[in-house]
Amino acid sequence: MTDNSRHTDKTGTTVLVLGGTGKTGRRVVRGLQERGATVRAASRAGEVRFDWDDRGTWEPALAGADAAYLVDMQDKPGVWDADAHIRELAALAAGVGVRRLVLLQARVTDKVGGKSLVAGEAAVRDSGLEWTVLRPNWFNQNFDEGVLLDSVREGRVALPAGDGREPFVDAEDVAAVAVAALLDEGHSGQTYELSGPRAIGIAEAVEEISRVTGREIEYVPVTHEEYVAELVGYEVPADYALFVADLVGQIRDNRNAEPTGTVRRVLGREPRDFADFVKDAAAAGAWNV
Ligand SMILES: NC(=O)c1ccc[n+]([C@@H]2O[C@H](COP(=O)([O-])OP(=O)(O)OC[C@H]3O[C@@H](n4cnc5c(N)ncnc54)[C@H](OP(=O)(O)O)[C@@H]3O)[C@@H](O)[C@H]2O)c1
């Protein structure tokens, strides 16, 4: 059960949310506002301007914040140096009086596209600030907001995922854990691996969307090489194509297929099931064409 004694009135707490327009950040903003915190939603196009590529935006974005939710730029494998960037940001944060950092990474400890997806973690652990690290599985929202949306709409999801399984986690649950870590006590020094309640294959996921929407959608397993070639054919940079293919390979190889009980442990409720996600996303018209 959730320990309500750890929930305090956070009116007056100011939180900087990076990726404030993104899948988790947007939901973190909403959750913090519901708790009465003052929120600074930041991104390149956000109300507070923050650009990892423009260091001049970092300190003004951090100024006045008590805590910060950090979303990085792992989709730029060629240029992104998580440890160096996050280390520099964390030092600036400490300098302007930020006390707590919650870092979003991923539940992928193997290298993908030659990069570590947990490379930023040491930087927050070494920051001298309170820190919490979130390592989620693939999000449900990749199917209705992210990388898989177009192919679901086109009715053909071609991925090098074989019949591997993944316990997709809902971005709402990741955000709710982030809000707890940002505002409540008891999460400092924790690394949370966040999954949904059950592992499913891409075929099963696509079947569920198909069943609920009444649209024909097929899953086409392809090889790693075919997938990289297809992405490059769409003018996706080769290093990013390899990165995405390696990420999908994590599903194929069942690398992170075991559900964790962390969402339940932190929030005191079950994580959202993929079927409930599909029902709501379909009702919201996510896959209407
Ligand atoms: N998607 C998943 O399934 C998944 C699973 C586990 C972990 N993660 C992790 O979650 C993180 C975010 O990935 P996501 O796919 O969910 O993306 P997202 O948060 O939906 O979108 C990226 C966010 O970052 C902002 N952004 C992009 N480039 C930026 C830059 N140069 N400077 C500052 N802000 C920038 C974007 O807003 P603007 O365009 O306005 O700047 C947007 O708000 C990654 O670290 C990823 O590894 C994702």
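Along the sequence shown, residues are numbered consecutively beginning with 1. When a ligand or atom number is given, it counts from 1 through the structure's own listing order.
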Using a 4.0 Å cut-off to any heavy atom of [X], which atoms of ligand 1 qualify?
{"X": "Gly19", "answer": "23 (C), 24 (O), 43 (O)"}
{"X": "Asp72", "answer": "44 (C), 45 (O)"}
{"X": "Gly22", "answer": "18 (P), 19 (O), 20 (O), 21 (O), 42 (C), 43 (O)"}

Study note, to complete from the structure: To atom 7 (C) of ligand 1, the nearest of Arg27, His85, Glu166, Gln105 on a heavy-atom basis is Gln105
Practice item. For atom 27 (C) of ligand 1, state which one of Arg44, Arg49, Gln141, Arg107 supplies the nearest heavy atom. Key: Arg44
Exercise for review: Give me the one residue out of Asp173, Asn140, Asp170 that meets side-chain hydrogen bond (donor to acceptor under 3.5 Å, both in side chains) with Arg272.
Suggested key: Asp170
Short N/O distance, under 3.5 Å, between [X] and ligand 1?
{"X": "Phe139", "answer": "yes"}
{"X": "Ala45", "answer": "yes"}
{"X": "Ser43", "answer": "yes"}

For ligand 1, which part of [X] has a heavy atom less than 4.0 Å away: the side chain, the backbone, both, or neither?
{"X": "Val71", "answer": "side chain"}
{"X": "Thr21", "answer": "both"}
{"X": "Met73", "answer": "side chain"}

Review point. What pairs meet the salt bridge (charged side-chain N to carboxylate O under 4.0 Å, His left out) rule with one or both residues in residues 55-65, with sequence neighbours excluded?
Key: Arg55-Glu88
Tabulate below the donor-acceptor pairs under 3.5 Å that side-chain atoms of residues 147-158 make, not counting sequence neighbours, or state none.
from   : atom 1 : to     : atom 2 : distance (Å)
Ser151 : OG     : Leu148 : O      : 3.1
Arg153 : NE     : Ala286 : O      : 3.2
Arg153 : NH2    : Ala286 : O      : 2.9

